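Below is one structure, written out as structure tokens, with a few remarks after it.
Numbered from 1 within each chain, the chains take letters A, B, ... in sequence-line order. Fair warning: this is a prediction, and the values are worked out from it, not measured in the lab. Reckoned from all heavy atoms, side chains included, excluding hydrogens, waters and symmetry mates.
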Number of protein chains: 2
Amino acid sequence: MDTKTICLGALALGEASGYEIRKMFEDGPFAHFAQAAYGSIYPALTKLAEDGLVTCKSETQEKRPDKKVYRLTPSGWDHLEQALQSKIPSEDKVRSDTLFILFFTEWQRPDWIARVVDARIDHYRSILDGMQHCIDREAAEPAHNCASASQKLVRGFGHAVYRAAHDYLVENRDAFIAAAGQRRTDGREAAE
Amino acid sequence: MDTKTICLGALALGEASGYEIRKMFEDGPFAHFAQAAYGSIYPALTKLAEDGLVTCKSETQEKRPDKKVYRLTPSGWDHLEQALQSKIPSEDKVRSDTLFILFFTEWQRPDWIARVVDARIDHYRSILDGMQHCIDREAAEPAHNCASASQKLVRGFGHAVYRAAHDYLVENRDAFIAAAGQRRTDGREAAE
DNA sequence: TGCATGTATATCGGTTCGATATATTTTAAC
DNA sequence: GTTAAAATATATCGAACCGATATACATGCA
């Protein structure tokens with residue numbers, strides 16, 4: 001999925017500005033499985049407007065910089081539909097500096113490894129808390145219930161995966177720390 | 001982690017050519033949490049050699065193109081160690097076209113959603129089988145036991161996460177399919 | 001024989017990221 | 001009450017990165 005398609009997807013949830021789209025990928029509903037930076041979003045929106053897939057109305061607000069609100073056109077909906085159904089999706093791409101570091105645990109100090117693992121556990125915990133909070137709020141206030149069935153299912157997927165990751169790290173925290181410091185990075189021990 | 005650091009990490013497991021490094025990120029030990037393309041690897045290795053972090057010996061083979069085998073220098077080991085311990089690692093980045101598609105399940109056909117979900121279940125199953133096969137082989141033949149303790153822990157992490165992902169999709173397959181086709185992409189239903 | 005797959009290096013265009021610039025308002029702290 | 005920080009908002013630029021492709025020979029297998 002390129003940035004243009006990703007922007008169409010964001011706009012399928014309702015009209016939005018470039019800034020608001022960015023937030024959807026930072027904090028919002030797409031945060032855990034898609035990303036887009038300003039440097040990609042703004043040119044993408046310009047291109048989409050040129051191609052007639054979105055319209056742009058400029059809201060000249062007092063007390064704020066101008067806000068350009070984008071909205072899907074019928075042609076934009078078609079385009080999104082095509083993109084979603086075009087082919088069996090490619091494999092997920094995961095980049096985890098944490099796992100890269102932990103892969104080399106033996107070459108590193110136990111206290112450093114402890115910090116990395118603990119930071120990651122905290123991170124997962126805060127994500128899980130955030131998701132749970134979201135679920136609870138929707139249960140309490142049906143008015144706030146904006147997520148569709150499939151959006152809840154996707155969120156449930158994320159929850160299940162983060163839960164597994166969290167639990168595994170908690171269970172194996174001490175094993176990681178025990179593995180640390182068993183080798184030095186002077187290369188003399190490298191297997192060849 | 002930039003491509004240079006990633007290449008240093010790959011070479012920490014032993015000397016290798018650019019092609020072999022690529023394979024480590026496609027199939028091998030790093031496959032599930034790091035990526036690097038040829039277009040990044042070859043320039044990175046050239047740069048690393050210029051900076052004295054790796055050495056390169058050209059193996060002129062008969063019956064094969066020349067093979068450039070790279071190996072870490074002591075300075076390269078230092079550099080890798082610095083990179084691993086420099087700061088608390090940034091957040092994981094996940095891009096999943098599958099989840100992006102499933103997020104919009106309501107707008108799509110049930111049979112298409114079934115194909116996407118089933119393909120993903122198969123995919124997870126084959127990954128899990130591969131990991132299990134790897135674990136079994138190491139248990140049977142201690143000679144093949146090349147993974148260190150932390151490398152096994154990282155693999156265990158992957159296994160736990162993929163298992164959770166697989167199980168969730170199996171459990172919720174029918175719910176996804178039931179959610180499909182509830183809306184059309186003509187935009188008239190979009191909440192604004 | 002022919003064709004796909006595997007081994008191996010390399011490059012090029014296009015996409016994307018990350019940081020930064022600019023400017024104003026709201027919130028928080030002291 | 002003032003000042004600092006964070007949020008709102010658009011935009012750009014260089015560096016990094018990906019994906020596809022070119023080249024070339026070997027191997028396997030139908």
- Task: Can you sort out the partners of B:F104 under ring pair (Phe, Tyr, Trp, His ring centres under 6.0 Å), two or more places apart, ordered by chain and number?
- Result: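 Testing B:F104 for ring pair (Phe, Tyr, Trp, His ring centres under 6.0 Å), a comparison that skips the adjacent residues, returns B:F100, B:W107.
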- Message: Run the ring pair (Phe, Tyr, Trp, His ring centres under 6.0 Å) test against A:Y38 and tell me which residues pass, sequence neighbours left out.
- Response: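 So A:Y38 forms a ring pair (Phe, Tyr, Trp, His ring centres under 6.0 Å) with A:Y42.
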To the nearest angstrom, how far is [X] atom [atom1] from [N] atom [atom2]?
X     : N      : atom1 : atom2 : answer
A:K67 : C:dT25 : NZ    : C1'   : 14 Å
B:I21 : C:dT7  : CD1   : P     : 15 Å
A:M24 : D:dA9  : CE    : C1'   : 15 Å
B:D27 : C:dT5  : CG    : P     : 15 Å
B:E15 : C:dA8  : CD    : P     : 13 Å
A:Y19 : C:dA23 : OH    : C1'   : 14 Å
B:L45 : C:dT9  : CG    : P     : 9 Å
A:K23 : D:dT10 : NZ    : C1'   : 14 Å

- Residues in side-chain hydrogen bond (donor to acceptor under 3.5 Å, both in side chains) contact with B:R22, at least two apart in sequence or another chain: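 Result, side-chain hydrogen bond (donor to acceptor under 3.5 Å, both in side chains) vs B:R22: none returned.
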- Applying side-chain hydrogen bond (donor to acceptor under 3.5 Å, both in side chains), name anything that partners A:H32, two or more places apart in sequence or on another chain.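 Once residues adjacent in sequence are excluded, the partners of A:H32 under the side-chain hydrogen bond (donor to acceptor under 3.5 Å, both in side chains) criterion are A:Y162.
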- Message: Can you see whether B:D129 engages B:S126 through a side-chain donor-acceptor pair at a distance of less than 3.5 angstrom?
- Response: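 Short answer, no.
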- Output the distance between atom CZ (B:R125) and atom CZ (B:R163), rounded to the nearest 0.5 Å.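 That separation rounds to 9.0 Å.
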- Task: Measure from NZ or CZ of A:R173 to the centre of the six-membered ring of A:F176, then state whether that distance is under 6.0 Å and the direction lies within 45° of the axis.
- Result: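 Judged by the rule (NZ or CZ under 6.0 Å from the ring centre, within 45° of its axis), A:R173 is not positioned above A:F176.
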- Task: May I ask you to evaluate whether B:S17 reaches the phosphate of C:dT9, defined as a side-chain N or O under 4.0 Å from OP1 or OP2?
- Result: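 For C:dT9, OP1 or OP2 has a side-chain N or O of B:S17 closer than 4.0 Å.
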- Task: Starting from the first five and the last five pairs of the helix from C:dT1-D:dA30 to C:dC30-D:dG1, work out the angle between the resulting helix axes, to 10 degrees.
- Result: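 What I find for the helix from C:dT1-D:dA30 to C:dC30-D:dG1 is an axis angle of 50°.
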- Task: Report which part of the nucleic acid B:K93 touches: base, sugar-phosphate, or nothing (heavy-atom distance under 4.0 Å, all strands).
- Result: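 The residue B:K93 makes sugar-phosphate contact but no base contact.
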- Message: Tell me whether A:Q108 contacts the main-chain N or O of A:I101 through its side chain, where contact means a donor paired with an acceptor under 3.5 Å.
- Response: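 At least one qualifying donor-acceptor pair exists.
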- Query: Is A:E91 paired with B:R120 through a side-chain N to carboxylate O contact shorter than 4.0 Å?
  - Reply: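 The answer is no: the pair does not qualify as a salt bridge.
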- Reading nucleotides 11-17 of chain D from the 5' end, what letters show protein touch, with B for base, S for backbone sugar-phosphate only, - for no heavy atom under 4.0 Å? BBB---S
